[in-house]
Every structure is written in structure tokens, then in C-alpha cells.
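Read the structure below first, then the notes.
In what follows, chains carry the letters A, B, and so on, assigned in the order in which the sequence lines appear, proteins first and then strands, with residues in each chain numbered from 1.
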Amino acid sequence: MKRTHHCNELRPAHIGRNATLSGWVHSRRDLGGLIFIDIRDREGRTQTVFDPSDLPKELFDRAAALRSECVVSVSGPVRTRPPGSNNPKIPTGEIEIAATSLEVLNMAAVLPFPVDDPEVAKTVNEELRLQYRYLDLRRPEMVRNLRLRSKVATASRVYFDAQGFLDVETPTLFKSTPEGAREFLVPSRMHPGKFYALPQSPQQFKQILMVGGVEKYFQMARCYRDEDLRADRQPEFTQIDLEMSFIEREDIYTLIEGLLKQIWKTALDRDIPTPFPRLSFQEALNRYGIDKPDTRYGLELADFTGEFRASAFKIFSGAIAAGGVIKVLNAKGLADATQGQIETMTEYAKSLGAKGLAYIKVEKGEWKSPIVRFFSEAEKAALAQRLKIEEGDLILFAADQWLTACEILGKIRGYCADVLKSSGKLIIDPNRFDFLWVVDFPLLALDKEQNRWYSSHHPFTAPVAEDIPLLSTDPKKVRGQHYDIVVNGVELGGGSIRIHQPELQKLVFEQVLQIPPEMVQARFGYLLEAFRYGAPPHGGIALGFDRLIAILCGAPSIRDVIAFPKTAKGADLMTDSPAGVEARQLRDLYLEVKVAKKD
RNA sequence: GGGGGUGUAGCUCAAUUGGUUAGAGCGCUGCCCUGUCACGGCAGAGGUUACGGGUUCGAGCCCCGCCACUCCCGCCA
């Protein structure tokens, strides 16, 4: 070993002993006759001193020639610092190493950006950080994120092992199942013209594992989706994936609550209260306008359909007559919203199909609004009372079909919260975590363009038993045994109890989803076949591991908790991938590229 | 595919809104400095203002195009 201690280990108790530290030159302070070099490794940093009166000139000159991020091994006695020169900012600040030898393990070129200064480093252009990711990863903040990620992964494995789960790996060379996310395709050399697909999740394999009698499966599963990226979405990402046999929804809730309790304890030493609150999909939409509500702040939606049913304001009464509802949001303290902000909110409404956005600004004791003159005194009184309208409020209305009206104000609620946060009017404790389960999702949603039903989760989700008869009569009313786990408005994961009866699964595919029988056979025939030979009732869930770690780290993007993430265009700036391939490779795969080369 | 933001020295940012030779701090190079820890002092080098066009007497600044990064919408069963 080129080291006897790490750089966050030596204390006054070690004084007098010889030590060897290895690491990077964190900073060098050359006083001319005396040189201080801070050695940094993963654990921390320690000061070493090079004193020319004790050292050969050659050794001192080599120390003088070092620069930031050179890799060195320094040996010498641990000694106390002169009185008054301790550094209380670092844990090793009471001691130093009086260097007697220096081995330069590697020199470092002048750096493209500083890694020693946390203030500068965190403002460095992310493009540069990604290009020189190995330098970025040396920053203590990134080390901390990777360490926390590793700790949480281990805690999860320990937890599942203790609960009797088997860690089973599933293939990443799968086959294409065109429903759902766009897939990455892998051409097969041995089967000309045929392709594997990288799995968007191990969904079907884990169900087959249940048929295979595994009973309790889990995996830190890598998943791939060829969709556009976001701060919380990468083309390859990791899920804590699990499946269990002979269970009901409640078993999953208990299991995951226990897991998250364990994780929060491990990562943050925090005790989170369980069980988590449960919210039906309908209640989530009614109160928050979204199926993954952030309940750390209020701004709840109210329903005024009753009050406006007979309103003289035809836009409202007309919407109700057409089967719609009136939803209202009191954005407290936002009467000073700018024209641009109102416009942004209006655009949200329009993007969901509304014609516009009605609002009232409560300023100087007056209701300023283009529509308020159409309201009766009773209607105004009802608004004032139920919304507790005060000076400075901004009242926003959505008149539409129930789901649309809720979603419009849900988006606006989120936007208003952002505006209030940035103006300091809304302060959220960064240590607060609001977990909740969202349950009773509709099993199906209607594709208006194609006029057919599609699975709101996925086609393997079991209907709530008592709703099964509705599948053929009123599909819209069928609830799925699906559940989402949400924290602070982030969808952390989701899962469901699955269909395990081949007849029901076939019915969903063919009768409800209208997939032609031959296509069902080609894509899911093996699954239906498997179900014929004794498939146990089963269900599971998958948690977004990267999102989980980002929340624990307080990171704004999952890129900060992934060692080598990709840019918004799916590129790796360090390795410069994706990249072209040799003509011969294409020939081996029977592929022809028809797009003109850009470079 | 669409909308917003950003791009000036190695890094982080200025440049009085179109006006002389594009500046500062850090970093880098050289010299000085024996208790620093953001060490200090002196001197110096370093620029195709992402890139390509255009308008103008004159463009870092305005216009068009394009590239990269980023946030969002669509998309993500």
C-alpha cells in the first residue's frame, strides 16, 4: 500500500507516528522558504509541510514543482501545529505531516476548471463538467452523492434479503414490444433483419419469475427508454424493481414504507412516519389537479359547479350544462402577478384545450376582472366565503370537463407555487418529505383521436375485482389495482397487482385494448401460455432509483447522482457517444444507413 | 417536433444598451517571500466575443441562419 492512513484520519492522538498519505494535491501554498501542500483523497484532506532546512534541495524542488491535482505519496512524522496555526475548518486541522519523502505518482496538466474551490466548481458550466467528468467526480459534493447512492443501494439489498427476496438478473437483450416508450433496438448478427430491444423495464420477466415460483424477486434493474430527456429522465436509468406472489396491495404498501423508512434512516438519519397517507386518484385531482401532488403547500382547488349551475355567466353555466365542472384556485398573494405570468398561466390552460383563463385580482379592496360583472351577489359571496378571499389574492377559474378543469388548475397551481417560491412568499422546509400513495387509478383512458381505450398504466394491471363486470359495459369506470408512491410532488415509483388469469389478460388485450389476436399472440403469447400452467396471483412495484437518490441529495437533476450521465440530446460528452461505425460493422449486421452523415 | 434561457481569456463574470485599443477576479508563466490554509507582493502572457451570413460609417450588442448546453411542452404503456 502506498498509504498508511487516509486523508481524514490523522488526529492529535497520532502525533509522533510516521504516516504515508496518498492522494491529489488539493492546494499548494509556497511561502518561498516553506511549502504547504494539502493532500486530498476521497475521505478528506491533510496538510503536509516541506521545510528546506530539514530536506535535501532536490526533494524540496520537486515539492515546489507540484501543481493542483498531481498525484503524490507523502511520508513523514505526524506533528502538532505551532500554536495559533490550527485550521478549525477541517477535521485534520490540528495536525500536519512534516514531509520527509515525496513520491510523485503522476503529474497533472493545467486544469480546465478548478476542482478545489466548491464555490467556483458548482457554477462551472455543466457541459465542461460532463466533458471532464473524472475531474468533476473528485469534487467532494459528487463524492458524497456517489457514496450516498452506494449506501442506499446496499441498504435496499440488505432490506430485501432480510424480507426473503431473491436478487434475480433479467435479460437486457429483450424483444420489441411497441406499446409504451420508444425502445432502443439492437440488430441481431445471427438473425439477419431481426432485432433485440433493450427493456424499458423487466416487467414481463418479473411476472414470469412469479410463474416460475420465485415468489419474491427484486433487482436493481437498468432500464432503457428512447424518449426525450429531462432533469429527472435519462435514456438509461435504474429502478428498484420487485415482484411478489400471493399478495394484495396492502402488502406492497407495507413493504415499501418499510424500505423507505430504512433508506431515510440510513441516508439522512431521519425517522419518517408510516404508514403514508393514501389519496385516491379522484381526490388527488379534485384537490391538487395532478396525480402526483406536492402536499407541502396548500393552494388547493375548490369546486363551484353547484354555485354556478344557473349562473348568468353563460361560459360557466354552459360548461356545466355540457357535463363539465367549475374548478377554482385561490393563489393567495399573487394579485401582483405580471401580465407575462398571467399569460403563461393562460398558455397552460390553452395547451389543455381551454379557450382562455378567467381570473380575479383582488387589489385595493376591489375585484379586478373582466368577468366579475357577470357574477351575481350570491355567487360573489360564495366565492368570498369559501375561498376566504382577501386583499392580494389571485382567483383562477377553469370551466371544462372534470379531468381537464382539474389538470388546468393543477398545472397553474404548480406554476403559482414556483412564482411564490422565487419571490420568497412561499418557503418550503428543505428537510420536509411528504410521502403519499395515490391509489384507485382508472384502469383505462380514452385515446380521443383513435377513439379507443389504452391502459393508463400498463395492460398487465389487474382491475379492482368488483369492477371487472364493467370492463365490457362501462370501461371508463373500471378502477385498476395500481398505486403510485409520491414524495414532494415527485413520482417516485408505481406498480400494481397484475392480472394472473390468462382469460382475463386475453380479454383486456383483445376486447378492451382492441389489439388483433395475432398481434397479441406474437407479442404476449408466451406470457398467456405461461399463465395457463398455474400462475400465482402477484403484484409488484418499481421505484426510480436515480430520482430517489436525487431527492436524498437535494440534487436538482438526476445527472448529479449518476456517474456518467447523458446530455439533453442523449450524448456522452466525455466519450463522444453516440458515434459512427465502420461500414464493415454495418455489413455484418445487414444494415444500411440512409441518413447523410453530418460530419 | 415546439417554446424559453445561455454561449465573451483556461474558469467565473463585466463591457454605461450600436461608438476609441473588449475589462476584472481566479487560474497560468516569471521573480520575491519560513507558519500558510482563498497565503501574500511585483511583473507578464493569454480573445476568430460558439460558428456562418446580413444591416450599418461602425456590431460582443441589431437581424437571419446554424451548433452546443440547459429548462419546459409534446413524448415517457
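- The aromatic ring centres of A:Phe60 and A:Phe50 sit 6.0 Å or more apart.
- The A:Ala181 side chain lies nearest to B:rC76 when the options are B:rC37, B:rU34, B:rC76.
- Minimum atom distance to the side chain of A:Arg67 is reached by B:rC28, of the listed B:rC33, B:rC28, B:rU34.
- Pairing for B:rC57 is with B:rG19, a Watson-Crick or G-U wobble pair whose two hydrogen-bonding atom distances lie under 3.5 Å.
- Nucleotide B:rU8 carries an anti base; the chi torsion (O4'-C1'-N9-C4 or O4'-C1'-N1-C2) is more than 90° from 0.
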Run the side-chain contact (heavy atoms from CB on, under 4.5 Å) test on A:Phe174 and A:Tyr196 for me, step by step, so that the C-alpha distance in whole Å, both residues' side-chain angles and the decisive distance to 0.1 Å come before the verdict. CA-CA 5 Å; A:Phe174 183 39; A:Tyr196 301 99; over 6 Å; no
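- Of the C1' atoms belonging to B:rG52 and B:rA59, the separation is 15 Å, rounded to the nearest Å.
- Remark: the backbone N or O of A:Val508 is not paired with any side-chain donor or acceptor of A:Gln511 at under 3.5 angstrom.
- Computed from coordinates, the A:Leu31 CG to B:rA38 C1' distance equals 14 Å when rounded to whole Å.
- Within 4.0 Å of A:Arg452, counting heavy atoms only, lies no atom of the nucleic acid at all.
- When the P atom is used for both B:rG25 and B:rC42, the distance is 11 Å, rounded to whole Å.
- For the pair A:Asp576 CG and B:rC69 C1', the interatomic distance rounds to 15 Å; values are reported in whole Å.
- Rounded to whole Å, the P atom of B:rU12 lies 24 Å from the corresponding atom of B:rG41.
- Between the P atom of B:rU34 and the CG atom of A:Asp51 lies a distance of 11 Å, rounded to the nearest Å.
- Note: CG (A:Leu573) to P (B:rC67) measures 16 Å, nearest angstrom.
- For the P atoms, the distance linking B:rC72 with B:rC62 amounts to 27 Å, nearest Å.
- Remark: the separation of the P atoms in B:rG54 and B:rG44 is 39 Å, to the nearest Å.
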Summary of protein contacts for nucleotides 3-14 of chain B, nucleotide by nucleotide, where a base hit scores B, a sugar-phosphate-only hit scores S (4.0 Å, heavy atoms): -------SSS--
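- Between the P atoms of B:rC63 and B:rG4, the separation comes to 13 Å (whole Å).
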Sugar-phosphate or base contact per nucleotide [nucleotides 70-75 of chain B; S, B, -; heavy atom under 4.0 Å]: SSSBBB
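- One can place CZ of A:Phe50 at 14 Å from C1' of B:rU36, the figure rounded to the nearest angstrom.
- In this structure B:rA50 sits in no base pair that meets the Watson-Crick or G-U test at under 3.5 Å.
- A distance of 4.0 Å separates CD of A:Gln505 from CD1 of A:Ile499, quoted to the nearest 0.5 Å.
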Intermediate values then yes/no, side-chain contact (heavy atoms from CB on, under 4.5 Å), A:Gln239 and A:Ser201: CA-CA 8 Å; A:Gln239 287 185 341; A:Ser201 85; 4.0 Å; yes
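- Across the strands present, B:rA9 finds no partner; the criterion is a Watson-Crick or G-U wobble pair with both atom distances under 3.5 angstrom.
- Heavy-atom neighbours of A:Lys477 NZ from other residues, nucleotides or ligands within 6.0 Å: at or below the threshold of 12.
- Across B:rG30 and B:rU17, the matching P atoms stand 42 Å from one another, rounded to whole Å.
- Few gaps surround CZ on A:Arg452; more than 12 heavy atoms of other groups in view lie less than 6.0 Å from it.
- Heavy atoms of A:Glu491 sit nowhere under 4.0 angstrom from any nucleic acid atom.
- Proximity of a side-chain donor or acceptor of A:Asp41 to a complementary backbone N or O of A:Gly44 within less than 3.5 Å is detected.
- B:rC32 and B:rU70 have their P atoms separated by 46 Å, given to the nearest Å.
- On a pure distance criterion of 3.5 Å, a polar donor-acceptor pair joins the side chain of A:Arg81 and the base of B:rC37.
- Rounded to a whole Å, the CD atom of A:Glu127 is 4 Å from the C1' atom of B:rC69.
- Rounding to whole angstrom units, CD of residue A:Gln47 and C1' of B:rC39 are separated by 11 Å.
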Quick one, A:Val115 with A:Glu69, criterion side-chain contact (heavy atoms from CB on, under 4.5 Å). Give me CA distance, side-chain angles, the key distance, then yes/no. CA-CA 8 Å; A:Val115 305; A:Glu69 300 305 310; 2.9 Å; yes
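- Under the Watson-Crick or G-U wobble criterion, with both distances below 3.5 Å, B:rC75 is left unpaired in every strand shown.
- Between B:rU34, B:rC33, B:rA38, one nucleotide has an atom nearer to the side chain of A:Lys89 than all others, and that is B:rA38.
- Rounded to whole Å, the distance from NE2 on A:His26 to C1' on B:rC39 is 14 Å.
- Side-chain atoms of A:Asp560 and A:Ser557 include no donor-acceptor pair closer than 3.5 Å.
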Between A:Tyr415 and A:Tyr348, is the side-chain contact (heavy atoms from CB on, under 4.5 Å) condition met? List the steps. CA-CA 9 Å; A:Tyr415 176 77; A:Tyr348 279 133; 3.7 Å; yes
